[in-house]
There are 2 protein chains.
Amino acid sequence: MTVDRAGRASRATITTVARHVGVSVATVSRVMNGHPTVAPELIERVRAAAAELGYTASPTARSLVLGRTHTVAVVVPDLGNPFFQGILRGVARAADVEGYHVLVADTAEDVAAEPDKALRARGRCDAVVLVSPRLADDRLRDLLPDLGPAVVVNRRAPDGIVPSLHPDYRAGMAVLADHLADLGHRRLLYLAGPAGTFSDRERRAGLADVARARGLDLTVLPGGVTQDDGARAATAVLATDATAVLAFNDLVAMGLLARLREHGVVVPREVSVVGFDGIDLGAAAAPPLTTVRVPAEEIGAAAWRRLARLIDGDDAGDDPAAAQSFRPELVVRSSSAPPPTSPTDKEAS
Amino acid sequence: MTVDRAGRASRATITTVARHVGVSVATVSRVMNGHPTVAPELIERVRAAAAELGYTASPTARSLVLGRTHTVAVVVPDLGNPFFQGILRGVARAADVEGYHVLVADTAEDVAAEPDKALRARGRCDAVVLVSPRLADDRLRDLLPDLGPAVVVNRRAPDGIVPSLHPDYRAGMAVLADHLADLGHRRLLYLAGPAGTFSDRERRAGLADVARARGLDLTVLPGGVTQDDGARAATAVLATDATAVLAFNDLVAMGLLARLREHGVVVPREVSVVGFDGIDLGAAAAPPLTTVRVPAEEIGAAAWRRLARLIDGDDAGDDPAAAQSFRPELVVRSSSAPPPTSPTDKEAS
DNA sequence: TTGTAGGCGTTATCAC
DNA sequence: GTGATAACGCCTACAA
């Protein structure tokens with residue numbers, strides 16, 4: 001690398017190297033790309049020159065001519081959300097081992113801006129993994145075709161227009177509800193998430209399945225997605241006769257747990273609380289949080305794999321409409337226990 | 001946008017638009033870039049054609065000719081770490097408002113791989129924010145010049161070779177120690193972080209400052225950075241006669257808190273525990289965690305601003321060696337309280 | 001085996 | 001005001 005008059009580092013180009021060795025740029029290109037048709041002696045000299053000059057092919061120029069950026073975009077509503085972080089990390093690490101880079105776009109929960117941000121990100125990438133839980137279905141349907149190779153995560157693509165990957169929220173919730181029912185709970189309370197969302201709908205469905213099958217009493221209260229939402233819901237929860245509450249996610253559950261403790265209600269003796277997601281800090285909650293672990297990072301990695309196939313164009317054999325779903329795994333800790341058998345039970349009153 | 005024989009979407013280029021309107025590509029280019037020297041009538045027709053064809057300038061081609069990718073890289077050791085997440089989010093959001101994109105590289109805690117990953121990311125970006133706390137100083141010194149425009153976060157650059165931004169760990173720890181001392185604690189225990197690290201050294205320094213100034217007894221135990229590390233340290237902590245423990249960060253503190261609770265020791269009555277970072281979930285700890293909030297997102301945003309100036313080349317006036325430091329803010333919750341005044345005190349025994 | 005030359009999609013410098 | 005046209009740095013037929 002040399003330095004020009006402005007003092008700015010100016011990289012050596014393929015031409016620099018070619019001249020330095022006394023060959024054509026084509027030869028240098030071939031050597032750099034491991035083409036097998038170059039004389040061993042030359043490849044050595046070119047290598048040496050490249051090293052000496054600190055030459056590296058310009059990714060931008062390669063992208064232009066190759067039509068590939070070797071970059072994928074990950075579009076999420078909020079980098080502060082543990083689930084999205086897991087996804088991002090999963091695709092980042094998986095993509096990295098194949099020499100791919102990751103462009104990340106945080107839409108700051110601005111749903112309206114998502115299509116544009118996704119499109120703009122797409123411009124510099126070969127494909128995009130779109131995590132956009134709140135975007136209306138028809139907007140998504142409009143967006144997807146313009147996005148080119150893409151997968152959606154955390155929801156299903158309208159008409160299976162592109163592959164989708166998501167946790168099996170329904171099964172996850174069912175596992176949780178079954179766990180609670182096994183413990184003896186008959187009256188469950190669900191602290192709901194964002195209305196109309198795939199992840200909320202599916203959770204409700206899983207809950208309904210179990211409630212019906214086992215004759216449980218299910219009530220639903222608006223909850224939210226954050227710790228604060230959970231804390232705010234505490235009094236409403238207490239006003240209920242449910243013996244167990246299922247929060248939309250771990251954050252909500254932990255917020256609720258904290259506030260309940262302030263109110264002096266002891267979990268799980270008076271009421272059981274379970275979360276959803278399986279964030280690490282759930283283990284440090286008081287009491288440690290029973291939850292269901294969703295494999296966010298694994299989903300991210302799978303999303304990458306799907307994308308890789310789309311990019312390479314060998315979708316041969318796999319159904320683009322395929323929705324890949326990941327079953328959460330029950331993590332029993334001590335925030336769930338048998339219900340109190342107090343005289344103030346609904347039936348007894 | 002049209003579709004070629006392969007069925008792949010093939011974007012309209014500037015030439016497509018030019019032909020469609022019957023003008024030269026130069027004119028289209030001028031219109032797209034808002035150049036003022038185009039006839040109003042033409043600019044209208046070009047706009048219309050562009051819209052009709054769904055034309056958008058290829059970012060790659062622009063990058064090549066402009067020499068700017070309008071992208072910055074963020075290199076972090078682990079996307080799972082709340083502090084790094086905050087940084088990433090901060091630069092992502094700040095960069096976004098100026099039309100810049102963010103490439104993220106997670107080095108998976110593989111320190112040895114960091115220089116290479118950073119370099120590769122740099123290839124597709126205009127600048128990089130490097131968060132690499134464990135990289136040896138001399139390796140960093142070697143790396144930085146090859147990286148071009150860059151800032152380092154969470155440590156200081158050797159010889160102030162590039163700008164650096166970091167929390168004022170020293171002041172943060174001092175604030176915490178003072179808080180504890182004010183409460184009456186005389187024997188402090190520090191659960192240390194990664195040895196040799198800027199963030200650990202500075203914390204120790206802040207602690208030492210206060211210990212000296214106020215005649216405190218300070219002992220240091222190896223701790224770690226994760227929740228598990230904190231849990232593992234519990235018995236060692238108990239074997240100590242310290243009345244207050246300062247964890248390297250909130251994760252460690254919460255892990256410790258959880259384990260102490262299992263051991264039946266009640267915080268803060270028997271021992272006080274404080275964290276560092278100010279993660280949101282600290283509020284949901286039991287008891288809620290006293291800590292010091294480091295403005296990670298703000299640091300990220302500031303890092304972006306610094307980078308933007310470097311990219312634009314108007315470093316005029318600001319000292320590149322400047323280390324910008326951010327003072328953490330004390331967050332008092334209930335995991336800290338006056339020390340027990342029991343007869344088993346050291347002095348009394 | 002190696003070199004020549006065209007092209008990837010834009011921008012910018014010239015002429016006109 | 002508008003249009004050729006030369007870069008930008010690289011890859012890849014096609015020739016030699």
Side-chain angles (χ1 to χ4, degrees), chain A residues 1-2 4 8-47 49-50 53-70 122-126 148, chain B residues 1-2 4 6 8-47 49-50 53-71 99 122-126:
Chain A
M1 143 146 46
T2 74
D4 64 21
R8 289 180 84 90
S10 95
R11 306 197 54 74
T13 82
I14 198 176
T15 311
T16 322
V17 179
R19 276 208 272 268
H20 195 273
V21 182
V23 296
S24 74
V25 295
T27 298
V28 177
S29 174
R30 286 193 268 258
V31 171
M32 297 312 285
N33 295 318
H35 245 269
T37 72
V38 183
E41 185 244 358
L42 267 193
I43 139 168
E44 202 35 66
R45 282 170 52 206
V46 169
R47 283 248 159 76
L53 272 46
Y55 168 72
T56 301
S58 151
T60 306
R62 304 193 82 232
S63 294
L64 183 57
V65 61
L66 260 11
R68 288 244 162 100
T69 60
H70 289 272
R122 167 60 169 97
R124 355 179 66 79
C125 297
D126 297 337
Chain B
M1 144 146 47
T2 75
D4 64 20
R8 289 180 83 88
S10 94
R11 306 199 53 75
T13 80
I14 197 174
T15 311
T16 321
V17 179
R19 275 209 273 267
H20 195 274
V21 181
V23 296
S24 76
V25 295
T27 297
V28 177
S29 175
R30 285 192 269 257
V31 172
M32 297 310 286
N33 295 316
H35 243 268
T37 72
V38 184
E41 184 244 359
L42 268 193
I43 139 165
E44 203 34 67
R45 281 170 53 205
V46 170
R47 282 249 158 74
L53 272 44
Y55 168 72
T56 302
S58 151
T60 307
R62 304 193 82 231
S63 294
L64 183 58
V65 61
L66 260 11
R68 278 198 189 332
T69 60
H70 290 272
T71 305
R122 168 60 169 98
R124 356 181 65 80
C125 297
D126 297 336

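All values derive from a computational prediction rather than experimental measurement. Chain identifiers are assigned alphabetically (A, B, ...) following the order of the sequence lines, protein sequences preceding nucleic acid strands; residue numbering begins at 1 within each chain.
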query: Partners of A/Ile43 by side chain to side chain contact (heavy atoms under 4.5 Å, CB included), sequence neighbours excluded?
result: A/Val31, A/Val38, A/Arg47

message: Show, in sequence, the C-alpha distance, side-chain angles and deciding distance for A/His20 and A/Tyr55, and conclude whether the side chain to side chain contact (heavy atoms under 4.5 Å, CB included) test is met.
response: CA-CA 12 Å; A/His20 195 273; A/Tyr55 168 72; over 6 Å; no

Nearest-Å distance for atom pair CD/P, residues B/Glu44 and D/dG1: 18 Å

message: Taking only side-chain N and O atoms of A/Ser58, does any of them lie within less than 4.0 angstrom of OP1 or OP2 on D/dC10?
response: no

task: Return the value, rounded to whole Å, for the distance between atom CD of B/Glu41 and atom C1' of D/dT2.
output: 13 Å

- request: Looking only at non-hydrogen atoms, find the nearest pair between A/Thr60 and B/Ser63 and report the distance.
  value: CG2-CB, 3.5 Å

- prompt: Are any of A/Arg62's side-chain N or O atoms less than 4.0 Å away from OP1 or OP2 of D/dG9?
  reply: no

- prompt: Out of C/dT11, C/dT2, D/dC8, which nucleotide sits closest to the side chain of B/Leu64?
  reply: D/dC8

message: Rounding to an integer number of Å, can you tell me how far B/His35 NE2 sits from C/dT10 C1'?
response: 13 Å

query: Base, sugar-phosphate alone, or nothing: which one does A/Thr16 contact when heavy atoms must sit under 4.0 Å apart?
result: nothing

Nucleotide D/dC10, atom P - distance to CE of A/Met32 in whole Å: 9 Å

query: Distance check: side-chain N/O of A/Ser29 vs OP1/OP2 of D/dC11, anything under 4.0 Å?
result: yes

- request: Please report, rounded to the nearest Å, how far the P atom of D/dT2 is from the CD1 atom of B/Ile43.
  value: 10 Å

query: Once you round it to whole Å, what is the distance between P of C/dG9 and CG of A/Leu66?
result: 13 Å

query: Would A/Arg30 and A/Val23 count as a side chain to side chain contact (heavy atoms under 4.5 Å, CB included) if you check the C-alpha gap in whole Å, the side-chain angles of each, and the deciding distance to 0.1 Å?
result: CA-CA 11 Å; A/Arg30 286 193 268 258; A/Val23 296; over 6 Å; no

Distances under 3.5 Å between nitrogen or oxygen atoms of protein and nucleotides 3-7 of chain C:
unit_1	atom_1	unit_2	atom_2	d
C/dG3	OP2	A/Ser24	N	3.1
C/dG3	OP2	A/Ser24	OG	3.1
C/dG3	OP2	A/Thr27	OG1	2.6
C/dG3	N7	A/Arg30	NH2	2.7
C/dG3	O6	A/Arg30	NH1	3.3

- request: For the pair A/Arg11 (side chain) and A/Ala57 (backbone), establish whether a donor and an acceptor sit closer than 3.5 Å, ignoring hydrogens and angles.
  value: no

- request: Say whether, by atom type as modelled, one donor and one acceptor occur between the side chain of A/Arg45 and the main chain of A/Gly22 under 3.5 angstrom.
  value: no

field: Nucleotide D/dC10, atom P - distance to CZ of A/Arg19 in whole Å
entry: 12 Å

message: Taking the side chain as everything from C-beta on, heavy atoms only, tell me whether A/Thr27 gets closer than 4.5 Å to A/Leu42.
response: yes

